[in-house]
Amino acid sequence: MKLVPPFDADTARLKVQAAQDAWNTRDPHRVAGAYTPDSVWRNRSEFVRGTGEIVAFLTKKWEREHEYVLRKSLWAFGDNRIAVRFQYEWHDDEGQWWRSYGNENWEFAPSGLMSRREASINDVKISESDRRIDPGSTYDIPTE
């Protein structure tokens, strides 16, 4: 099954799972391979353009976000767009754990590569004992 627009419920869910799987590798080149060469991102207050900048952004991100583990969930879809909600957990150099919550809007080229990613993210300090994402599972994101 090709994961190209227009998306239906099954292909949208598979696209979200594929993104989650790629991001959890923490391999910037693998993740960047899912985007068009001229893809445009807004990630929080940062603006990133093109796969070279995506690789640089993700390399820097995962140098400071240790033991990163992510869960994504399909929120909505239509034609060439998908919206997701997500949570990820990580710790910084000092050992402080964080849970980051967010929403993303994705737009895809006819090839199935993502041409636009808009991400809004908030971070919450947590203790290690408050972690709830099991790195070995693939379940949907936990709810409060």
Side-chain angles (χ1 to χ4, degrees), residues 1-93 96-126 128 130-144:
M1 172 183 304
K2 291 198 65 131
L3 302 179
V4 298
F7 297 108
D8 61 25
D10 291 332
T11 57
R13 255 189 229 88
L14 289 170
K15 197 69 157 174
V16 171
Q17 184 66 53
Q20 175 181 294
D21 293 347
W23 280 70
N24 278 322
T25 68
R26 291 175 250 149
D27 178 345
H29 295 282
R30 178 173 174 190
V31 173
Y35 297 87
T36 61
D38 61 347
S39 184
V40 176
W41 284 21
R42 182 191 54 78
N43 193 87
R44 301 175 192 249
S45 61
E46 293 186 62
F47 294 86
V48 178
R49 183 177 296 274
T51 51
E53 289 186 17
I54 291 170
V55 168
F57 173 87
L58 293 173
T59 299
K60 183 178 172 186
K61 170 185 179 63
W62 288 320
E63 285 173 351
R64 71 178 181 277
E65 294 181 1
H66 308 291
E67 296 188 61
Y68 172 99
V69 61
L70 165 75
R71 293 296 177 264
K72 290 184 182 280
S73 178
L74 177 64
W75 188 268
F77 66 91
D79 192 34
N80 69 333
R81 293 187 172 99
I82 296 175
V84 300
R85 63 188 184 109
F86 62 87
Q87 294 178 23
Y88 60 91
E89 294 175 344
W90 56 282
H91 69 82
D92 59 27
D93 289 334
Q96 174 61 58
W97 280 92
W98 299 86
R99 183 175 302 119
S100 301
Y101 297 91
N103 299 295
E104 293 176 323
N105 294 313
W106 301 342
E107 185 174 343
F108 293 88
S111 65
L113 295 177
M114 195 180 304
S115 58
R116 182 170 206 83
R117 174 182 172 266
E118 300 272 341
S120 297
I121 306 168
N122 299 301
D123 302 313
V124 176
K125 283 184 178 182
I126 61 171
E128 186 172 6
D130 288 332
R131 292 184 65 204
R132 60 183 184 202
I133 300 177
D134 176 6
S137 72
T138 58
Y139 58 83
D140 201 11
I141 64 173
T143 58
E144 295 297 328

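What you see is a predicted model, and the numbers here were worked out from it, not measured in a lab. One-based numbering along the sequence shown.
Going from atom CG of Asn43 over to atom CD1 of Ile54 covers 10.5 Å, rounded to the nearest 0.5 Å. With rounding to the nearest 0.5 Å, the separation of CD1 in Ile133 from CH2 in Trp90 is 13.0 Å. Annotation: the span from Glu63 atom CD to Asp93 atom CG amounts to 10.0 Å, rounded to 0.5 Å. Atom-to-atom distance recorded for Trp62:CH2 and Thr25:OG1 is 6.0 Å, nearest 0.5 angstrom. The line from CD of Glu46 to NZ of Lys61 is 9.5 Å long, rounded to the nearest 0.5 Å. Here the CH2 atom belonging to Trp106 is positioned 10.5 Å from the CH2 atom belonging to Trp41, to the nearest 0.5 angstrom.
Annotation: side chain of Leu74 is not in contact with side chain of Phe7 (no heavy-atom distance under 4.5 Å). In this structure, the side chains of Arg131 and Val69 come closer than 4.5 Å at one or more pairs of heavy atoms. Taking 4.5 Å as the limit, every side-chain heavy atom of Gln17 sits out of range of all side-chain heavy atoms of Arg13. The closest side-chain heavy-atom distance from Lys125 to Trp98 is below 4.5 Å. The shortest distance between side-chain heavy atoms of Asp130 and Trp97 does not fall below 4.5 Å. When side chains are defined from C-beta on, Arg132 counts as touching Arg99, because their heavy atoms get closer than 4.5 Å. Looking at Arg71 and Asn24, their side chains come closer than 4.5 Å, going by heavy atoms from C-beta outward. A heavy-atom distance below 4.5 Å is found between the side chains of Glu107 and Asn80.
The minimum heavy-atom distance between Pro5 and Pro110, with the atom names listed, is CD-O, 4.0 Å. The two atoms that bring Leu58 and Pro28 nearest to each other are CB-CB, 3.8 Å, heavy atoms only. The two residues Ile121 and Ser100 come nearest to each other via the heavy atoms CG2-CB, 3.9 Å. The shortest heavy-atom contact between Gly33 and Leu113 is O-CD2, 3.4 Å.
Side-chain atoms of Glu53 come within 3.5 Å of backbone atoms of Arg49 as a donor-acceptor pair (strictly under, hydrogens ignored). Remark: side-chain polar atoms of Asn103 are not paired, donor with acceptor, to backbone N or O of Ser120 under 3.5 angstrom. Between the side chain of Lys15 and the main chain of Gly112, a donor-acceptor pair closer than 3.5 Å is present. A distance-only check finds no donor-acceptor pair linking the side chain of Glu118 to the backbone of Asn105 [under 3.5 Å].
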>> Pair Phe108, Leu3 - check side chain to side chain contact (heavy atoms under 4.5 Å, CB included), show working.
In response: CA-CA 10 Å; Phe108 293 88; Leu3 302 179; over 6 Å; no
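Partners of Arg44 according to the side chain to side chain donor-acceptor pair (under 3.5 Å) rule, which considers only residues two or more places apart in sequence or in another chain, are Tyr88, Asp123.
Checking Arg116 against Thr36 by side-chain atom types alone, no donor-acceptor pair falls below 3.5 Å.
Between Glu104 and the choices Arg42, Lys72, Arg85, the side chain to side chain donor-acceptor pair (under 3.5 Å) rule is met once, by Lys72.
In this structure, Phe86 has its ring center no closer than 6.0 Å to that of Trp23.
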